[in-house]
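The first residue in the sequence is number 1, and the count goes up from there.
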Amino acid sequence: MTEDRTPAVSENPEGATAEDEEQPIKSRKNGLYGEVSDELAASMKSGWADTELHGLQPIPQAAFAAERRAKLSAAFPGERLVIPAGNLRVRANDTDYSFRAASEYVHLCGDQSEDAVLVAEPSGAEGHTFALYLRPRSDRENGEFWLDGYGELWVGRRHSLTEAAELYGLPTRDVRQAAEELAAATALTRIVRGYDAALESALAGQLDEEKDDELKVFLSGLRLVKDAWEVEELRAACDATVKGFTDVVRELGQAVATSERWIEGTFWRRARVEGNDVGYGSIAAAGPHATTLHWVRNDGDVRPGELLLLDAGVETRNLYTADVTRTLPINGRFSELQRKIYDAVYDAQEAGIAAVKPGGRFRDFHDAAQRVLAERLLAWGLLDPAVYDVEKVLELGLQRRWTLHGTGHMLGLDVHDCAHARRENYVDAVLEPGMVLTVEPGLYFQQDDLTVPEEYRGIGVRIEDDILVTADGNENLSAGLPRRSDEVESWMAGLSG
């Protein structure tokens, strides 16, 4: 990494004051260069072309984001609403984690800038005027653009406030003034907490935690039904994810020669090429690691004869993520026992997907899948059919020793989307067209589980797809990947050949 990155300083473009311009830039404590000479400073101020972009068109989701803001406005008349994008987080010393804007913020405007804030000011009897507070372009007069560690010559050009207004269809303001301007106002204020501690502190006297929680719950529920633009984003995420799984199968030989890390890296490469990143930490679990639900260490051996459970999803450049799982025989063919377990999970998923339809309950697909798995566990003698029938197993939840988790969740900007929505609007809700959810049953037999035959131990199987509720049923957005055991084997054989 390049050296001599200096601490952040105040920026002074668009609307900056003389006082801002006089603020000195601090040099790095252990940087190789000392003071900037007057001659160098003068040189760096001049000789630069005008790069302002003109005639920009609104981003594709701008009209959809406006509709979402209108719903937000209607829900909180007379109140000021503050939705931050979040800040960079330090990884180590002066290096940061990659920034990922808050889902609430992105959903309402489409921007992904760090430190940004969307503000809805009450206007009239019930309406609001919205404005985006953003970091302006780096100042070239005081040297911030090349001396500051977050100046544009270090981290890249950002849009001017004028450009951003054209792209997002919103008035824009300098975010450096946000805390002072918002703290000076007297309107009842709600903020989405957890993303911008400095802004929360500045507004502390105006905030109420319970009311802020209500705002977060509402914004989470606002994402339950996807609009047409969001559905296409999720479709693109699934298509890219299919490519990522295909890449992995093609490179399984390299994974056998190295480790699960090769699988993780192979999928990540596709995610970065096709989208923004992976939507969550990829689970590349080979052999007994497949029985650990969130195995993200991905540092184990990949051995022929065992199974690979790959749970991974591409996040698009607009931050919508797929979430897909396939369990694959590493050598290309299931053993008899592996196939028996896999086919049971496949049948459970089939039952679950069939239950996804408008007017059905969200819980229906989970109940349908769990019933199939309970029946198989009884048929295999892992649960005693002389003592329990299926109804009793489900009533007592005995199948959960081996099924462990719920059978799915909402999907969208977050891999576990809408997680803060009201229970009656999510888990206890009726499905509507436009909802997108995962169906992902599994069976997991731990290595130390003495209640199952030894040959079962260390086998984990999960199959997961992303399902869109349609007007007349459902659509499997990730159907590009084979699911049936014989289809999986044929697909893998074709790729290895």
Side-chain angles (χ1 to χ4, degrees), residues 53-77 79-86 100-113 116-134 158-173 175 192 215 218-240 275-276 279 315-322 410-414 417-418 421 425 432-436 466 468-471 475 477:
L53 304 175
H54 301 283
L56 295 175
Q57 296 299 310
I59 59 173
Q61 66 265 46
F64 294 96
E67 293 178 6
R68 301 165 199 158
R69 293 194 299 272
K71 294 176 182 177
L72 172 63
S73 178
F76 297 95
E79 302 183 41
R80 183 173 57 190
L81 311 171
V82 180
I83 300 94
R100 202 278 193 186
S103 295
E104 295 91 343
Y105 174 84
V106 173
H107 190 239
L108 292 170
C109 67
D111 175 54
Q112 298 180 34
S113 304
V117 186
L118 176 67
V119 176
E121 290 286 356
S123 175
E126 296 183 352
H128 290 83
T129 58
F130 286 84
L132 274 179
Y133 284 79
L134 301 167
R158 52 183 172 262
H159 288 295
S160 70
L161 297 185
T162 300
E163 292 168 353
E166 293 176 351
L167 289 169
Y168 305 116
L170 287 164
T172 54
R173 298 184 60 81
V175 74
V192 181
L215 174 60
F218 176 84
L219 292 175
S220 194
L222 187 60
R223 303 205 303 272
L224 282 165
V225 177
K226 273 57 182 178
D227 57 42
W229 182 87
E230 291 179 290
V231 169
E232 290 309 306
E233 279 294 301
L234 288 166
R235 195 185 306 282
C238 288
D239 290 347
N276 176 60
E315 178 184 77
T316 68
R317 293 176 187 178
N318 293 306
L319 307 187
Y320 286 77
T321 187
M410 292 294 182
L411 185 69
L413 275 167
D414 293 343
D417 207 28
C418 315
N425 297 331
E432 302 176 40
M435 290 181 169
V436 180
D466 302 342
L468 166 68
V469 182
T470 62
E475 177 188 350
L477 299 178

Within a strict 4.5 Å, meaning less than it, do heavy atoms of the [X] and [Y] side chains meet?
X	Y	value
Leu170	Leu118	yes
Tyr320	Val106	no
Arg80	Val119	yes
Glu166	His54	no
Leu108	Leu219	yes
Asp227	Gln61	no

Please report the shortest heavy-atom distance between [X] and [Y], naming the atom on each side.
X	Y	answer
Thr321	Gly279	OG1-CA, 3.2 Å
Thr172	Ala165	CG2-N, 3.7 Å
Gln112	Ala101	CA-CB, 3.9 Å
Ser113	Ala85	O-CB, 3.2 Å
Leu132	Cys109	CD2-SG, 3.9 Å
Pro171	Phe130	CD-O, 3.2 Å

Using modelled atom types and a 3.5 Å cut-off, is there a donor and acceptor pairing between side-chain atoms of [X] and backbone atoms of [Y]?
X	Y	answer
His128	Leu72	no
Lys226	Leu411	yes
Arg68	His107	yes

[atom1] of [X] to [atom2] of [Y]: how many Å apart, nearest 0.5 Å?
X	Y	atom1	atom2	value
Ser73	Glu79	OG	CD	11.0 Å
Leu413	Cys418	CG	SG	9.0 Å
Arg100	Asp414	CZ	CG	6.0 Å
Asp466	Arg235	CG	CZ	11.5 Å
Leu53	His159	CG	NE2	7.0 Å
Asp111	Leu167	CG	CG	9.0 Å

Thr316 versus Asn318, side-chain donor and acceptor atoms under 3.5 Å: no
Residues Leu468, Leu234; criterion side-chain contact (heavy atoms from CB on, under 4.5 Å); working and verdict: CA-CA 9 Å; Leu468 166 68; Leu234 288 166; over 6 Å; no
